[in-house]
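First comes the structure, then the notes that go with it.
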Amino acid sequence: MLDRIDYALLRLLRKNARLPNKDLADKTGIAPSTALERVRRMREAKILLGYHAEIAPEALGIGLQAMVSVRLARHSRALVDGFHRHLLSLPEVLACYHVAGADDFLAHVGVRDSEHLRQFTLSAFTEREEVAHIETRLIFEFQRNVDLPPLPAAN
């Protein structure tokens with residue numbers, strides 16, 4: 001269970017994963033050795049899953065982003081798992097969500113332009129027999145929220 005110090009450390013790391021341990025300790029009011037140990041413990045407990053760089057899409061040649069909703073024709077475990085693996089194998093897929101509701105997957109994609117998006121959706125989605133329907137929505141702006149939800153109340 002996370003306490004308020006763990007949560008404060010996570011909040012700081014979420015905003016800046018490169019924050020030095022000394023700064024983590026100073027900002028949470030604990031000793032540097034304690035901060036180091038708590039972060040290590042959260043990594044081992046799979047609470048901290050990794051550290052990531054936020055990259056400007058334009059630097060990678062991404063001029064257009066979209067969210068593609070995908071509805072599968074059938075729902076066997078093998079088809080769902082296979083399609084999920086397919087999505088994760090595509091370099092244009094920036095994020096993948098397996099969801100409940102009318103659609104089965106949401107794929108956040110990054111492409112060069114509208115022609116690249118057209119070709120990509122045709123080859124990655126509509127040419128696959130397990131796909132029954134897709135719907136594409138252009139993303140005008142994307143900004144990640146670096147804050148965390150409030151710390152849950154203790155039971």
Answer yes or no: is there a side-chain heavy-atom contact under 4.5 Å between [X] and [Y]?
| X | Y | answer |
| --- | --- | --- |
| Thr136 | Leu117 | yes |
| Leu94 | Val109 | no |
| His133 | Leu72 | no |
| Ile47 | Leu2 | yes |
| Leu64 | His116 | no |

Flag the pair [X] and [Y] as a salt bridge only when some basic side-chain nitrogen lies within less than 4.0 angstrom of an acidic carboxylate oxygen.
| X | Y | value |
| --- | --- | --- |
| Lys22 | Asp26 | yes |
| Arg74 | Glu130 | no |
| Arg11 | Asp6 | no |

- Could you tell me how the ring of His86 sits relative to the ring of Phe83: parallel (under 30°), tilted (30 to 60°) or perpendicular (over 60°)?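 Taking Phe83 first and then His86, their aromatic rings sit tilted (interplane angle of 30° to 60°).
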- Task: Provide the full list of side-chain hydrogen bond (donor to acceptor under 3.5 Å, both in side chains) pairs with a residue in residues 56-69, sequence neighbours left out, each pair given once.
- Result: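 Qualifying pairs, neighbours excluded: Gln65-His108, Ser69-Arg137.
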- Message: If the condition is salt bridge (charged side-chain N to carboxylate O under 4.0 Å, His left out), which residues does Arg40 pass it with, not counting sequence neighbours?
- Response: Glu37, Glu44
- Taking all non-hydrogen atoms of both residues into account, name the closest pair between Arg14 and Asp147 and its distance.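 Smallest interatomic distance, heavy atoms only, reads NE-O, 4.2 Å.
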- Item | Under 3.5 Å donor-acceptor, Asp104 side chain and Arg71 backbone |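 The answer is no, because no donor-acceptor pair under 3.5 Å joins these two groups.
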- Got a donor-acceptor contact below 3.5 angstrom from the Thr34 side chain to the Ile30 backbone? no
- Transitive ILVMFWY side-chain link Tyr51 to Leu49, under 4.5 Å: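 Result: no, two separate clusters.
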